[in-house]
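This report concerns only the one structure given below.
Remember, it's a predicted structure, so these values are computed and weren't measured experimentally.
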Amino acid sequence: MSESATEDRRLRSDAERNRERVVAAAVVALHRDGAGVPIATIADDAGVGVGTVYRHFRNREVLVEELTHRSFTLMVGRLQHAQGLGGTAVEAFRDFLLGVIQDRNDMVLRSTGGPAVESERVGAVQAELHRGIRELIARGLADGTIRREIDVADIAWLGATLAQPGREGRAWERICERLLDTYLAGLGAP
């Protein structure tokens with residue numbers, strides 16, 4: 001391999017690491033400072049220059065879109081994992097929502113205080129998540145573990161309520177588990 005090819009690969013990997021640092025810092029900064037956090041603060045938190053942020057994300061909206069897309073993608077992965085475990089639909093919802101609670105500090109969503117994003121790219125992954133939730137609801141109705149009328153919005157708001165970013169510690173997680181189990185038990189009640 002030529003010296004220039006090795007140098008190009010190193011530069012690409014450095015650029016990718018910088019991009020990931022910017023994304024991680026942006027999530028923390030948005031949770032800490034809100035949607036109006038200056039790009040300069042994100043850059044400083046990431047240990048890069050403002051130009052590096054703009055090299056990867058041409059403006060704030062593109063950066064927030066990336067954070068939101070990643071958040072929905074993370075939830076889709078959690079839902080797919082839960083669906084693949086077998087068991088009842090309620091058990092799958094429990095596994096899915098516990099995963100969402102665990103990931104709360106890695107997500108930026110409008111429902112947990114993030115800014116609104118209305119791009120087709122984000123809409124597509126959000127639609128995939130909603131489709132999966134509807135399938136799981138149908139499975140619960142079929143297996144008898146869900147006996148109440150619920151829809152995607154019910155599950156989304158439950159997840160958003162329990163997965164508030166910045167809540168730390170095992171005590172908060174125990175509260176979330178108790179509230180989640182109470183809600184899920186209610187789904188099977190006549």
From Ile133, Asp95, Leu136, residue fulfilling side chain to side chain contact (heavy atoms under 4.5 Å, CB included) relative to Gln83
Leu136

Rounded to the nearest 0.5 Å, how far apart are CZ of Arg134 and CD1 of Ile150?
12.5 Å

Does the salt bridge (Lys or Arg N to Asp or Glu O under 4.0 Å) test come out yes or no for Arg131 and Glu128, once each step is laid out?
CA-CA 5 Å; Arg131 230 181 351 269; Glu128 182 181 354; 5.2 Å; no

Is Ile175 reachable from Val100 through a run of hydrophobic residues whose side-chain heavy atoms are each under 4.5 Å from the next?
yes

With a 4.5 Å limit on heavy-atom distance, are the side chains of Thr88 and Arg139 in contact?
no

Locate the shortest heavy-atom distance separating Met107 from Ser71; write the atom from each residue and the value.
CA-OG, 3.2 Å

Linking I/L/V/M/F/W/Y whenever any side-chain heavy atoms sit under 4.5 Å apart, do Leu141 and Val90 land together?
yes

Report whether Ile101 and Trp157 are members of the same hydrophobic cluster (ILVMFWY, side-chain heavy atoms less than 4.5 Å apart, transitive linking).
no

Kindly give the heavy-atom pair with the smallest separation between Val152 and Ile137, and that separation in Å.
N-CD1, 4.0 Å

Apply side chain to side chain contact (heavy atoms under 4.5 Å, CB included) to Arg60 and Leu63, showing your working.
CA-CA 5 Å; Arg60 174 185 304 279; Leu63 174 58; 5.6 Å; no

Which atoms form the tightest heavy-atom contact between Ala92 and Ala82, and what is the distance?
O-CB, 3.2 Å

Quick one: NE2 on His69 to CD on Glu65, what's the gap to the nearest 0.5 Å?
8.0 Å

Test Asp151 against Asp154 for side chain to side chain contact (heavy atoms under 4.5 Å, CB included), laying out the working first.
CA-CA 5 Å; Asp151 60 23; Asp154 297 326; 3.4 Å; yes

Min side-chain heavy-atom separation Arg32-Asp45 under 4.5 Å
yes

Please determine whether a side-chain nitrogen of the Lys or Arg among Glu20 and Arg70 lies less than 4.0 Å from a carboxylate oxygen of the Asp or Glu.
yes

Run Phe57 and Leu67 through side chain to side chain contact (heavy atoms under 4.5 Å, CB included) and show every step you take.
CA-CA 11 Å; Phe57 305 100; Leu67 301 177; over 6 Å; no

So, for Glu61 and Asn59, which heavy atoms are closest and what is the spacing to 0.1 Å?
N-OD1, 3.1 Å

Point-to-point distance, once rounded to the nearest 0.5 Å, from CG of Asp103 to CG of Leu74
4.0 Å

So, taking the atom named CZ in Phe96 and the one named CE in Met75, what distance separates them when rounded to the nearest 0.5 Å?
6.0 Å

Would you check if Leu162 and Tyr183 make a side-chain contact, meaning some heavy-atom pair closer than 4.5 Å?
no

Reported CG-to-CG distance for the pair Leu179 and Leu158, which is rounded to 0.5 angstrom
8.5 Å

Does the side chain of Val48 reach to within under 4.5 Å of the side chain of Val53, using non-hydrogen atoms?
yes

Around atom CZ of Arg170, are there more than 12 heavy atoms of other residues, nucleotides or ligands at under 6.0 Å?
yes

Can you see which heavy atom on Asp143 is nearest to which on Thr145, and at what distance?
OD1-OG1, 2.5 Å

Nearest heavy-atom neighbours spanning Ala29 and Val37:
CB-CG2, 3.9 Å

I need the Glu66 CD to Arg19 CZ distance, nearest 0.5 Å.
4.5 Å

May I have the step-by-step check of side chain to side chain contact (heavy atoms under 4.5 Å, CB included) for Phe93 and Leu180, ending in yes or no?
CA-CA 9 Å; Phe93 271 128; Leu180 176 59; over 6 Å; no

Answer whether the closest heavy-atom distance between the side chains of His56 and Arg21 falls below 4.5 Å.
no

